[in-house]
Amino acid sequence: MIGYCCINTTLDYCVNRTMRKATFHSKGLEYVGELAFQNISDMLEILIWNLKNDILLYRMSSDMFPWMSEYSFSDLPNYKQIKLKLEEIGKYVKQHNMRLSFHPGPFNVLGSNNPNVVEKTIQELTKHAQIMDIIGLPQSHESPINIHVSATKPSKEVISNQFCQNFNRLPQNVKSRLTVENDDKIAQYTPKNIYDLIYSKIGVPITFDQFHFVCGNQDTSMKEALELCLSTWSNAKALTHHSSSKRIEQDDPTVKETAHSDYIHEPIQTFGYEFDTDIEAKAKDKAVINYKNIFIKKSNCLKGDNIDNI
DNA sequence: CCAGGTCAAGGGAGT
DNA sequence: ACTCCCTTGACCTGG
């Protein structure tokens with residue numbers, strides 16, 4: 001299956017309503033609850049639209065609950081209503097065999113040298129897992145919570161050791177869902193780095209990002225990197241990321257190499273394997289539909305998709 | 001009313 | 001020391 005991330009550009013629904021610090025302090029939990037309920041209600045509408053458009057894979061927004069590390073969900077005045085709506089989403093997802101994931105932001109650094117950052121990260125990841133639990137999503141890599149390692153100093157070895165030690169402090173509902181993705185910078189973590197330094201110690205699956213691999217340090221072939229990542233997914237179908245270069249799309253060498261394009265311009269390299277893929281492209285849902293029209297109808301390069309229904 | 005400045009967070013890289 | 005960037009987009013103020 002292929003899917004997209006958070007925002008639907010066709011519909012007028014929003015899953016991202018949030019607020020600034022000052023507003024959070026002046027308006028408080030009542031306003032948080034209002035926005036959160038609107039966000040999850042709109043997310044259900046998006047899932048309904050996704051089904052109609054044959055999209056069963058979707059990345060949820062981490063901005064679903066504004067400032068969620070600062071309170072307990074059950075403290076929201078409209079928690080009952082929120083819980084019901086999340087459960088409704090859960091039923092819908094289960095009924096239609098949809099797959100949902102999270103990709104918490106780059107501020108989540110589990111291997112950080114700063115203990116406060118580690119504490120905040122554990123808190124934030126726990127909140128993500130709690131949302132998945134309320135929805136009723138599996139406590140497995142079927143519903144991944146995917147992060148980067150990010151930090152590299154003083155060395156990848158030191159940071160990844162800290163990452164693994166702190167992994168063991170996470171609650172089970174995070175541990176059972178956490179995955180780690182390769183980076184797009186030369187100095188950061190390749191799939192092989194993550195395999196050797198993290199997967200081999202704590203068994204956390206690796207999310208292969210094809211574009212990051214192309215931009216990053218290629219210490220293996222792409223096929224080897226993909227195979228390494230796929231081999232780490234034992235209790236769920238592997239999830240990967242795919243995007244195209246904005247620099248190439250716009251034919252403008254001044255655009256940053258790592259910037260994502262609006263649409264996808266090359267097929268996902270499967271090397272014959274089956275896995276799920278998040279399309280990371282600015283045109284979001286439109287990029288997925290465009291991808292299917294261009295690549296799947298003609299070349300059947302993703303066997304998991306139902307070609308007849310496109 | 002809306003354009004544009006600004007916005008929680010960590011860390012690294014570039015200036 | 002400062003700015004920009006990340007999966008970026010959304011918030012909010014002042015004109």
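We name chains A, B, ... by the order of the sequence lines, and we start the count at 1 in each one. Only this structure's heavy atoms are used, side chains among them; waters, hydrogens and symmetry mates stay out.
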Engineer: Atom CG of A:Asp184 and atom C1' of B:dG11: how far apart are they, to the nearest Å?
Structural biologist: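 Computing the A:Asp184:CG to B:dG11:C1' distance gives 13 Å.
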Engineer: Could you tell me whether A:His212 contacts a base, only the sugar-phosphate backbone, or nothing, with contacts defined as non-hydrogen atoms closer than 4.0 Å?
Structural biologist: sugar-phosphate
Engineer: Is there a side-chain contact between A:His103 and the phosphate of C:dC6, meaning an N or O under 4.0 Å from OP1 or OP2?
Structural biologist: no
Engineer: Between C:dT7 and C:dT3, how many Å separate the two P atoms, rounded to a whole number?
Structural biologist: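 Taking atom P in both C:dT7 and C:dT3, they lie 23 Å apart.
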Engineer: On a whole-Å scale, what distance lies between the P atoms belonging to C:dC4 and B:dG5?
Structural biologist: 12 Å
Engineer: With both distances under 3.5 Å as the test, what is the Watson-Crick or G-U wobble partner of B:dA8?
Structural biologist: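 Answer to the pairing question: none, since B:dA8 forms no Watson-Crick or G-U pair.
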Engineer: Within the pair A:Lys153 and B:dG12, is there a side-chain N or O less than 4.0 Å away from OP1 or OP2?
Structural biologist: no
Engineer: Using only side-chain N and O atoms of A:His260, determine if any of them is under 4.0 Å from OP1 or OP2 of C:dT8.
Structural biologist: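 True: A:His260 side-chain N/O within range (under 4.0 Å) of C:dT8 OP1/OP2.
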Engineer: I want to verify a distance call: between B:dG10, C:dT7, B:dA8, whose nearest atom is closest to the A:His148 side chain?
Structural biologist: C:dT7
Engineer: Identify whether any heavy atom of A:His241 sits under 4.0 Å from a base atom; if not, whether one sits that close to sugar-phosphate; answer base, sugar-phosphate or nothing.
Structural biologist: nothing
Engineer: Kindly point out which of B:dG11, C:dT7, C:dG9 is positioned nearest to the side chain of A:Ser112?
Structural biologist: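 In terms of side-chain proximity for A:Ser112, the closest of B:dG11, C:dT7, C:dG9 is B:dG11.
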Engineer: Nearest whole Å is fine: how far is C:dT7 P from A:Asp209 CG?
Structural biologist: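 Nearest whole value for this atom pair: 8 Å.
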Engineer: Could you work out the separation of B:dC1 and C:dT8 based on their C1' atoms and round it to a whole Å?
Structural biologist: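 About 25 Å, rounded to a whole number of Å.
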Engineer: Which one, B:dA9, C:dC6, C:dA10, comes nearest to the side chain of A:Glu124?
Structural biologist: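 Nucleotide nearest to A:Glu124's side chain: B:dA9.
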Engineer: To the nearest Å, give me how far apart CZ (A:Phe211) and C1' (C:dC6) are.
Structural biologist: 13 Å
Engineer: Any ion pair linking A:Lys156 and A:Asp196 (charged N to carboxylate O, less than 4.0 Å)?
Structural biologist: no
Engineer: Ring of A:Phe107, cation from A:Lys120 - is the NZ or CZ under 6.0 Å from the centre and inside 45° of the axis?
Structural biologist: no
Engineer: Using the C1' atom as the reference point in each nucleotide, state the distance between B:dT6 and C:dC5 in Å, no decimals.
Structural biologist: 16 Å
Engineer: Suppose you measure atom P in C:dG14 against the same atom in B:dA8; what distance do you get, rounded to whole Å?
Structural biologist: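 It comes out at 15 Å once rounded to the nearest Å.
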Engineer: Without decimals, in angstroms, what is the distance between A:Asn114 CG and B:dA8 P?
Structural biologist: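 So the two atoms are 19 Å apart, to the nearest Å.
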Engineer: In the structure shown, which nucleotide is the Watson-Crick or G-U wobble counterpart of C:dT7, with both distances under 3.5 Å?
Structural biologist: none
Engineer: For a quick test of reading the model: is some side-chain N or O of A:Lys284 closer than 4.0 Å to OP1 or OP2 of C:dG9?
Structural biologist: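 No, no such contact exists.
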Engineer: Under the side chain to side chain contact (heavy atoms under 4.5 Å, CB included) criterion, do A:Phe213 and A:Leu226 qualify, and how do the steps go?
Structural biologist: CA-CA 10 Å; A:Phe213 178 80; A:Leu226 176 67; over 6 Å; no
Engineer: What distance separates A:Phe271 CZ from A:Ser221 OG, expressed to the nearest 0.5 Å?
Structural biologist: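 Rounded to the nearest 0.5 Å, the CZ-OG separation comes out at 7.0 Å.
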Engineer: Could you tell me how far B:dG4 sits from C:dC6 if I compare only their C1' atoms? Round to whole Å.
Structural biologist: 22 Å
Engineer: Measure the distance from CE on A:Met19 to C1' on B:dA8 and round it to the nearest whole Å.
Structural biologist: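 Those two atoms, CE and C1', are 13 Å apart.
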Engineer: Quick one: A:Asn108 CG to C:dC6 P, roughly how many Å, whole number?
Structural biologist: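 It works out to 17 Å between those atoms.
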Engineer: Looking only at the side chain of A:Ala187 (C-beta and beyond, no hydrogens), which of the listed nucleotides B:dA13, B:dA8, C:dT7 gets closest?
Structural biologist: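 For the A:Ala187 side chain, the nearest candidate turns out to be B:dA13.
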Engineer: If you only use heavy atoms from C-beta on, which nucleotide in B:dG11, C:dT7, C:dA10 is closest to the side chain of A:Arg59?
Structural biologist: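 Within the option list, the nearest is C:dT7.
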Engineer: Side chain of A:Asn16: nearest nucleotide among B:dG11, C:dT7, C:dG9?
Structural biologist: C:dG9
Engineer: Quickly work out the A:Asp63 CG to C:dT8 C1' distance and round it to whole Å.
Structural biologist: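 Distance check: A:Asp63 CG to C:dT8 C1' gives 9 Å.
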Engineer: Does B:dA9 have A:Phe107 stacked on its base, where the ring centres are within less than 5.5 Å and the planes differ by under 30°?
Structural biologist: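 Yes, A:Phe107 stacks on the base of B:dA9.
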Engineer: Would you indicate which nucleotide in C:dT7, C:dA10, B:dG11 comes nearest to any side-chain atom of A:Pro106?
Structural biologist: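 Looking only at heavy atoms from C-beta outward on A:Pro106, the closest nucleotide is C:dT7.
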Engineer: Can you list the steps and then say if A:His212 with A:Gln188 is a side chain to side chain donor-acceptor pair (under 3.5 Å)?
Structural biologist: CA-CA 10 Å; A:His212 290 177; A:Gln188 288 183 293; over 6 Å; no
Engineer: Does A:Asn235 CG have over 12 foreign heavy atoms under 6.0 Å away?
Structural biologist: yes
Engineer: Looking at C:dT7, B:dG11, B:dA9, which one has an atom nearest to any side-chain atom of A:Lys120?
Structural biologist: B:dA9
Engineer: Nearest whole Å is fine: how far is C:dT7 P from A:Asn146 CG?
Structural biologist: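 Rounded to the whole Å, the gap is 11 Å.
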Engineer: Just to confirm, is there a sub-4.0 Å distance from OP1 or OP2 of B:dG11 to any side-chain nitrogen or oxygen of A:Thr152?
Structural biologist: no
Engineer: Would you call A:Asp54 and A:Lys292 a salt bridge, taking side-chain N to carboxylate O under 4.0 Å as the test?
Structural biologist: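 Result for this pair is no, no salt bridge flagged.
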